[in-house]
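Each chain gets a letter, A, B and so on, in the order its sequence line appears, and its residues count up from 1.
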Amino acid sequence: MDRFKGRPKHRSKMDSNEVEKNAYLDNELALMDKLGMESKLVTDDLDTLLDNDKDLLIRVEELKAQFHDRAKTPFSTEEDADDIYDADEHGARSQQIISARSDAGNKEVIPPENFSHVCGEIYRSSFPRPENFTFLRDRLKLKSILVLIPEEYPAENMSFMEETGIELFQVGMSGNKEPFVNIPSDLLTKALEVVLNPANHPILIHCNRGKHRTGCLVGCIRKLQNWSLTMIFDEYRRFAFPKVRALDQQFIELYDDTGIIKLATENNWLSVEW
Amino acid sequence: MSITENRQDDDDEDVICLDEEIETGHSKLTILHPPNERIVPPLNFCPVERYLYRSGQPSNVNFPFLLNLKLKTIIWLANEEPQDALLEFCDEHNIQLQFAAINPDGGEDDNPWDGLTEHSIRNALQSIVNSENYPLLVCCGMGRHRTGTVVGCLRRLMGWNLASVSEEYRRFTGSRGGRILVELLIEAFDIKSVEIDREKAPNWLLTALS
């Protein structure tokens, strides 16, 4: 990358057209870099060059395709990889662990990562995998699960829940990711309505890592318990570590709880039980 | 990038220092009033199981919060006495304060940085497996290592796999991370040495043992 040092990058001040044009230029320069050419060539030279060299043209087209594919995947810019549920990874790892453990004839239970008791019969965790099912069924004796991701629930989790009669609630939200993606307050209220209802207990709240979305929801429960914001943030950070998001904390602070307080009071769900 | 990260770490340290000063007794910072109509849980507070809680040393500002928990027992994991305010609070509200001494022979020389012994862990667990002591709070100076040791041994008693036990322990250890010695102590602890009276055990423990 050193060779591009001289190029100014004032992205923030450019309009979208310019950004696009520059992104294109970046790609071309990176291409030339890949092809081992001098980057002082400008785009016009490259076109002339390609017209005269069919082999080079093919290689360039291939490389271009790779670049554009990569740009399209959501992992690069859109969302934190942690926030995205990856079905393949989910299944593969579990298979490994389960077969390893049945060999050992082990009676230990495996709680999901980032698992904790929240209050009353409310629990939180990351995405439960098949190796965690015994724990959820035999230890927590769950009645329901509230999932905060918008993606479809994986088949193995669905069939586990059907077998055990655990009810699934889904309030899909994408995480508070800077700059402009926000969890809408009414979604949070909907989620709280499920969580606070004793008819659904014991209940497990989870998203993908159990850090951000789950952290926001638990933060709002703590607000209903009248915790000071400082200690709510402290708890949020403990579970989100090392990926703490200022925006999540801001969300917890700004969340308007009048709607849910009214609803919960009418249903006699307050104060939240320990 | 690495410079910004370091800065963040430093900020973390600042927050922690305030409390570590209390732990080492250099200065006592007392906050008398909680923010309006808000309650303040003690540092590192978290529910462990139903009616079983963990935290750092509670101080004045936390007492309204503790009243919500309707505690019957507090297990204090240190040889030295906790702050007078906590002693008075327990007195006033009929909360039994148990001292699970770190080293019963250590006396005044007891070093707060020393870990727990097998003996003191067993003492604490013996109270935890008896539901007559509930609701129950387990705490030490910062709610990190000593409390973490006891909770870790309890998790093993409940049949948790060690990786999950370690993950939970480290969640509460702050920016300086976990101590290998604590984890070795948890791994080596003889869970069979805890005597459980099934008549008195909390429900979640019975579920775990069945």
Side-chain angles (χ1 to χ4, degrees), chain A residues 97 100-101 104 106-126 131-132 134-135 137-141 201-202 209-211 218 221-244 246 253 271-274, chain B residues 5 8-9 11-12 15-16 19 31 33-56 61-62 64-65 68-71 134-135 143 155-156 158-165 167-168 170-175 177 203-205 207-210:
Chain A
I97 292 177
R101 294 185 72 84
N106 208 322
K107 271 193 168 177
E108 279 182 349
V109 286
I110 313 178
E113 266 174 61
N114 239 350
F115 168 80
S116 179
H117 188 219
V118 177
C119 59
E121 290 186 297
I122 303 170
Y123 304 92
R124 63 179 292 170
S125 77
S126 61
E131 67 266 24
N132 311 126
T134 321
F135 178 80
R137 185 188 60 215
D138 299 345
R139 294 296 178 86
L140 303 187
K141 302 182 189 300
H201 293 178
R209 296 280 172 219
K211 289 180 189 291
V218 171
I221 297 176
R222 298 309 188 196
K223 259 181 102 161
L224 294 179
Q225 290 182 302
N226 274 324
W227 283 33
S228 75
L229 284 168
T230 306
M231 299 315 283
I232 294 178
F233 295 160
D234 188 53
E235 185 185 50
Y236 165 84
R237 288 190 296 257
R238 193 149 55 234
F239 284 87
F241 181 84
K243 296 197 170 176
V244 174
E253 178 165 6
S271 57
V272 185
E273 225 190 314
W274 276 106
Chain B
E5 274 170 12
Q8 268 178 351
D9 275 357
D11 287 348
D12 275 357
V15 177
I16 289 154
D19 298 295
I31 302 164
H33 303 289
N36 272 349
E37 289 175 31
R38 295 265 167 208
I39 47 175
V40 185
L43 195 82
N44 259 338
F45 172 86
C46 191
V48 179
E49 287 290 336
R50 199 83 199 265
Y51 306 122
L52 173 62
Y53 312 97
R54 63 179 293 169
S55 77
V61 76
N62 309 124
F65 175 86
N68 273 344
L69 302 179
K70 301 186 170 59
L71 293 177
Y134 282 58
R155 295 307 192 190
R156 278 203 51 232
M158 295 169 68
W160 280 32
N161 70 317
L162 203 59
S164 307
V165 175
E167 191 220 288
E168 184 182 43
R170 285 174 183 257
R171 199 183 299 149
F172 293 90
T173 53
S175 58
N203 281 335
W204 47 263
L205 186 61
T207 309
L209 296 173
S210 60

task = Heavy-atom distances under 4.5 Å only: say whether A/Glu113 touches chain B with side chain, backbone, both or neither.
result = both
query = So which part of B/Tyr53 gets closer than 4.5 Å to some heavy atom of chain A, the side chain, the backbone, both or neither?
reply = side chain
ask   = Should A/Arg238 and B/Asn44 count as side-chain neighbours, where that means a heavy-atom distance under 4.5 Å?
value = yes
request  = Check whether B/Pro42 gets within reach of chain A through its side chain, its backbone, both or neither, counting any heavy atom under 4.5 Å.
outcome  = backbone
ask   = For A/Phe115, is it the side chain, the backbone, both, or neither that has a heavy atom closer than 4.5 Å to a heavy atom of chain B?
value = both
inquiry  = Nearest 0.5 Å, please: how far is CD in A/Gln225 from CD1 in B/Ile39?
reply    = 7.0 Å
key: Option that, when pairs with chain A are counted at under 4.5 Å, heavy atom only, ranks first among B/Arg156, B/Glu167, B/Glu168, B/Arg50   = B/Arg50
Nearest non-hydrogen partners of A/Asp138 and B/Thr207, listed with the distance = O-CG2, 3.1 Å
request  = Please look at A/Val244 and chain B and tell me whether the side chain, the backbone, both or neither of the residue comes under 4.5 angstrom of a heavy atom of that chain.
outcome  = neither
query = Looking at B/Pro47 and A/His117, what are the two nearest heavy atoms and their distance?
reply = CB-ND1, 3.3 Å
query = What's the spacing between B/Leu69 CG and A/Cys119 SG if we round to 0.5 Å?
reply = 11.0 Å
Close side-chain approach of A/Trp227 to B/Val40, heavy-atom, < 4.5 Å = no
message = Tell me whether the count of non-hydrogen atoms from other residues, nucleotides or ligands lying under 6.0 Å of CG in B/Asn203 goes above 12.
response = no
query = Is A/Glu108 salt-bridged to B/Arg155, cutoff N-O under 4.0 Å?
reply = no
Which atoms of B/Val48 approach chain A - backbone, side chain, both or neither, heavy atom under 4.5 Å = backbone
query = Once you round to the nearest 0.5 Å, how far does OG1 of A/Thr230 lie from CG of B/Leu43?
reply = 11.5 Å
inquiry  = Suppose we call two aromatic rings close when their centres sit under 6.0 Å apart. Are A/Trp274 and B/Phe45 close by that rule?
reply    = yes
remark   = For B/Arg171 and A/Ser116, the nearest pair of non-hydrogen atoms, with its separation, is NH1-CB, 3.8 Å
ask   = How many angstroms lie between CZ in B/Arg170 and CZ in A/Phe241, if you round to the nearest 0.5 Å?
value = 11.0 Å
key: Heavy-atom proximity to chain B below 4.5 Å, by part of A/Asn114   = both
remark   = Cut-off 4.5 Å, heavy atoms of chain A, and the answer for B/Ser164 is side chain
